[in-house]
Asks: 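The following block contains the structure, expressed as structure tokens.
For the numbers below, each heavy atom of this structure counts, side chains included, while hydrogens, waters and symmetry mates do not. Worth saying up front: this structure is predicted, and the values here are computed from it rather than measured.
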Amino acid sequence: MHDHPHDHPHDHDDDDGAPLADLPPTPVHGYWRSLRELDGTAAFQVNRNGKEFPDGADQAPKDPLSRRNFFHLMGASMAFAGLGAGAGCQRYEKEEIVPLARRPEDQTPGVTQQYATGFELGGVGHALIATAFEGRPIKLDGNPEHPFASGGVVKGTERHAGTSALTQAAILHLYDPDRSQAPTAEHGAGSSMEAFRAALAGIKPTLGQLHVLSEASSSPTFRSLRAKLIGQGVTWHEYEPLSWDNERLGTQLAFGRALRPIAKLDKSETIVALDADIFLDHPAAMRYSRDFARSRRLEGGTLGDGKMNRLYAIESLFTNTGAMADHRLALRAEHGLVFALALAAKLRGEPAPASEILKEPKVERFLAVLADELKQNKGKAVVIAGRRQPPEVHAVVAQINDALGAPGATLDYIEDPDGNRPSHARAIADLGKAMAGGQVGTLLILGGNPAYDAPVDVDFAAALKNVKTSIHLSEYRNETSLLTTWHVPRAHFLEAWGDVTTWDGTVTMVQPLIAPLYGGLSAIELLSLLLGTEKGGQELVAAAHAELGYTGAWRQNVHDGFVANTTPQPVTATLVDFKAPALTASQQSGSMKSNGELEVIFHPSSFTYDGRFANNAWLWETPDFMTKVTWDNYALVGASTAQSLGLENDTMIKVQVGGREIELPCYTMPGQAKNTIGLVLGGGRTAAGRVGGTGKKSVGWNTYKVRTAAGFDFAGKATVHATGAAYTLANIQEHWDIRRGLGNLPQIKHDETHVNAEGLAERLPELIREQTARTLNENRNWRAEESEGFFNDLDNAGNHDRPGEGGFSLFKEKDYQGHRWAMAIDLTTCTGCNACTVACQAENNIPVVGRNEVMNNREMSWIRIDRYFSGSVEDPQVVHQPVGCQHCEQAPCEQVCPVGATTHSDEGLNDMAYNRCIGTRYCANNCPYKVRRFNFLDWNKEWRDARNKVRRLLFNPDVTVRMRGVMEKCSFCVQRIQNAKIRAKAQVRSGQRPGAVNAPLADGEVETACQQVCPTEAIVFGDLSDKDSRVSRLHEDRRSYALLPETYTKPRNRFLARVRNPNPNLVAASQLGGHE
Amino acid sequence: MPRFTFPEWTETLKKWINLLVLGAPVYLVALVAYGVTPEAIRIGYQPDQPVPYSHALHAGELGLDCRYCHTTVERAAKAAVPPAATCMNCHSQVKKDSDVLLPIRQAFAENEAVRWTRVHDLPDYVYFNHSAHVNAAVGCESCHGRIDQMAKVYQAKPLTMEWCLNCHRNPAPFLRNPENVTKMGYTPAAGEGEEVKKRNSVNPPTNCSTCHR
């Protein structure tokens, strides 16, 4: 289509676009992945210059075989070959069949079972369905029956419950061989549960002197036991390093009582996120993602056809919420209060507070347009402030929401169950003081890791020395356990009974699926021991529920996974008089700051959350949402700030704040607020385990070393210097570049050595297709793909005269009968949350390769989420694009496989037969989408160690564990397809199901793992032979397009163009507008 | 000293020796090649079991249906070796003091598993599903042979990919009316397979992902 741009006037008819002069110099086609790609720096040129893979990608790892060792090994294998006459002629390894002595009634060997359960992270419950294979849990998913978790986005979906990447990865800890396996006493000496019980009995008579430091818990059973213990004189403290306390304290300021705001994004036309990452970091992130997607659909959304919500993000660091936003404003975190006050003032028609920042043209314009839109959208707008913002900001936001008529319409308030608790930062500081002062005789620490993650000025480790007896209940023997007198292994949530509440207050059951592998205790069991009533978890939960008067039969509640009618009703909140504090001098200043006045912002880690997932290899290897770095944490510095301070990517910097300092690598992040340093938490663990760090070998850097109780969320007056040392982050953002080799880079576009560069470069922007809602509404004929496929407008003679008449193909076309499996991925609702990547890893037994091998391009994830920037460095836009195997009908990989290991199925799947693959890697080289992954080494080797035997229990038995030397890639979860088909056919043949044997399955009967977890249902899988299936409809959608259609691969996966909804009055330089 | 000469009759040996020298490698290669074929290695594999359970007695003489013990064969991938509890249904009454049944009684009493040795073993990258085949009306006998005549179970068929594909490409000869699936020594009537294939829409796929995933 770009051959004749002038034949397509609507290519340029969208006048929403900014004048092009506003755009800073960017690559010709608008999209870039990294700053050095944008600059075309020397390093990039030397390293990558038009190559698909970096140098060294095809070499063996550095440590292994010397020549001598090689012959050594060869000698050995020759000897084995000699034996081969004997060994080779034998059968496979002898296997046993071990049936249970009595088979439970509902169990069929080899068939998975699903149980409802729940999971708690940072005091917030999540409702789950766990899949078990012959008694061992292998997969976690959202509970589609749960009132808070469930709901459909795409038309035709009734029930769907997404999960986050962290939840997906939580199952890995169950089988972690590094988990603590027995209690230790006297600072590390081995001990037993009996000895611990005896010790606990000694504490019981003096409960009045006992202090408990607990991580946050939403469990009603836990709370009821806690109340009993407090009644007996126990002093209780609660601490979480990442907490939503500010919101609770803010509502206390605004309403005089602690409330919990829950936004109803599916009813909101204007959504304002004030330093809030509502898609990843929020306790209701899954619900918010889903509700956002429901009102984000221009056609068939909850706001009505032709309407979609508009998201404004005001944030310091660049988060996924900023990436999804229609308008994003980068502000230092401390300016959150200024912005909130100014917005409130604007809505009231009062003068704005005095601050330089409000006079900066961009902020001024943004604020004016936003206030106007909010005024027009009263009752249809909502403002959400983030955890990092102080209580005052939340109070002001509550006032704004009140002025907007949000309560009842787009926002509900429920009572906070823990209204009077001091904030976590305050609680740990007070406890630290008491401990240092010798006022704490006995300390019981329930979970958590305060020695690692408590504010540094509390100096928890030192204070702990003044405590005579300390007990730590923990899944791992972590930094805190090493310092306490006693350490007791804690049961994983899949090993113990319990309950949690989801963010809306619904009581959710936690059901064990397996007996404790290492004999751990759950927190409620330990509390019950303290109370002197030794009861099992189930008894405790049942007793608490009876006491609390929960309705519904126990069995029903366990089956459903929640207790019906426990969701609290919204309350009416009345504002009380609240005056915001005066602005500080720093808040009154503008965006310009000098070194020494920088702001440090603490940011949760996509890998380890607050550090607790540090031994989780899946998460470490899943690239961060925005930076695409793996296996590290780092300091985020805005691009212009880095430039003015002389910092660079991949160099070490020293950050000094409040008299403390830390050295860590620097990542320059486009679009980050000027003069801010984002410190990612959760790295540098010293007692996490073999993955996350032991002793001096740790992954990442401990940023808690500069986090104080006062500067818990962000802190000012920081100084940053480059140390001069280099440090390479394992960053995958330039790996698997579809565009590489196609010569798209402006620098090499006219390089004569790249023959194909010129023409191909013209079409490259089409990897991502974007459009504005306005254009879609005004131009009903707009289609993301103007012609159906590149070749369809050629006649047999190759002329362009017969558009759309099918025709010319060099390949044998296949006539598909029966199922035609296909996928649609909606870029409008994809938040780039990584859940699909981790779910795929869990479902398909995908190995991790480690930091060094990631740097060699050897990561194995079947779905990668490409993140493209566009626009200027200071104010870029972002689009996420998940790319897995496209299952091309004319697959280039199949053409080149010399052994027929990858072939096409009758149903349109691009099959991969591992046992046939000989590892030529021709297919990967010929794949235009770069989605094939090669097992360069035996990644699963370590699982064969006897010590790691337990880890093997996690493997999905329906998927082959691949060996060294074979290629792999997305299979569209063929194991789920086959099982569903077999089940359906058997049901038809035995008369349990009407219809024909080969009839299409019901839409949704087969869900791929990525589809199942997607919180926004951006991924839809199904059968094209069923014309009414969701995927058929989505493929017909006018936003649908194929990736690289001109290669004539005819992919079965189609993307739906990203629709943005910019405010016409605020089309900033960064807004794409008229470029397709 | 007279020179030793081979007697004339040795001339006739020459061609035999030549034949042996040239033929031996060919023979050896052929022997080894056949020796490592699945037909030679796998067919007849007959491991010892912890309990000398006789299918000839139970399925043959007593005429128990296969599905009395292999209960999951119609609805799951695995045909499931029965739990000890199934054995005890009868053996709590019949032969309740037999020595050979001791492992069964022990397993049942102590709730421990009897560890049977797998006879029909496919590579780990092969995903065979019993229910798919039984519901399509392939007889048990087609893959397992005359189990009703085996006092000790052995592998009767090669279970190679080629052998699987023979049927997947032309299933009709191996289909029978569903009520005859577990019958041993059953010969389908002329046209029975074709009729069942049509009625049941049996079109076994031959895609890689049909069995490998």
Asks: Side chain from CB out, backbone as N, CA, C, O: work out which of these in Pro82(B) comes under 4.5 Å of a heavy atom of chain A, or both, or neither.
Replies: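 Only the backbone of Pro82(B) comes within 4.5 Å of chain A.
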
Asks: Which value, rounded to the nearest 0.5 Å, describes the distance between Asn910(A) atom CG and Cys927(A) atom SG?
Replies: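 Rounded to the nearest 0.5 Å, the CG-SG separation comes out at 8.5 Å.
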
Asks: Roughly how far, to the nearest 0.5 Å, is CG of Asp906(A) from OH of Tyr816(A)?
Replies: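 Atom-to-atom, Tyr816(A):OH and Asp906(A):CG are 8.5 Å apart.
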
Asks: Side chain, backbone, both or neither: which part of Val81(B) has a non-hydrogen atom closer than 4.5 Å to chain A?
Replies: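 For Val81(B), backbone and side chain are both near chain A.
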
Asks: Can you tell which of Glu96(A), Arg102(A), Gln987(A) has the highest number of heavy-atom pairs within less than 4.5 Å of chain B?
Replies: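 Maximum pair count with chain B is reached by Arg102(A).
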
Asks: Once rounded to the nearest 0.5 Å, what's the spacing between atom CG of Leu13(B) and atom CG of Asn18(B)?
Replies: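 Spacing of CG (Leu13(B)) from CG (Asn18(B)) equals 11.0 Å.
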
Asks: Taking side chain as everything from C-beta outward and backbone as N, CA, C, O, which of these in Tyr125(B) sits under 4.5 Å from a heavy atom of chain A? Side chain, backbone, both or neither.
Replies: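 When you check distances to chain A, atoms from both the backbone and side chain of Tyr125(B) fall under 4.5 Å.
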
Asks: Using non-hydrogen atoms and a 4.5 Å limit, figure out which bit of Ala136(B) sits close to chain A: side chain, backbone, both or neither.
Replies: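 Both backbone and side chain.
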
Asks: Under 4.5 Å, counting heavy-atom pairs only, tell me which of Val974(A), Asn915(A), Val961(A) racks up the most with chain B.
Replies: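 The option with the most such pairs is Asn915(A).
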
Asks: Is any side-chain N of the basic residue among Glu942(A) and Arg951(A) closer than 4.0 Å to the acidic one's carboxylate O?
Replies: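 Not counted as a salt bridge, because no side-chain N and carboxylate O are separated by less than 4.0 Å.
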
Asks: Side chain from CB out, backbone as N, CA, C, O: work out which of these in Asp958(A) comes under 4.5 Å of a heavy atom of chain B, or both, or neither.
Replies: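 Contact with chain B involves both backbone and side-chain atoms of Asp958(A).
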
Asks: So that I can tick it off, tell me whether Arg42(B) and Asp121(B) are bridged by a salt bridge, with the cut-off set at under 4.0 angstrom between side-chain N and carboxylate O.
Replies: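 Salt bridge between Asp121(B) and Arg42(B), a charged N being under 4.0 Å from a carboxylate O: no.
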
Asks: For chain B, which candidate among Pro957(A), Ala901(A), Gly900(A) shows the most heavy-atom pairs at distances under 4.5 Å?
Replies: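 Of the options given, most contacts go to Pro957(A).
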
Asks: Please classify the contact of Asn129(B) with chain A as side chain, backbone, both or neither, using a heavy-atom distance under 4.5 Å.
Replies: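 Just the side chain, heavy atoms under 4.5 Å.
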
Asks: At a heavy-atom separation under 4.5 Å, does Val126(B) approach chain A through its side chain, its backbone, both, or neither?
Replies: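 Neither part, no heavy atoms under 4.5 Å.
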
Asks: Rounded to the nearest 0.5 Å, what separation is found between the NZ atom of Lys183(B) and the CG atom of Asn180(B)?
Replies: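 The distance works out to 4.0 Å.
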
Asks: What's the spacing between Cys167(B) SG and Lys157(B) NZ if we round to 0.5 Å?
Replies: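 NZ of Lys157(B) is found 10.5 Å from SG of Cys167(B).
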
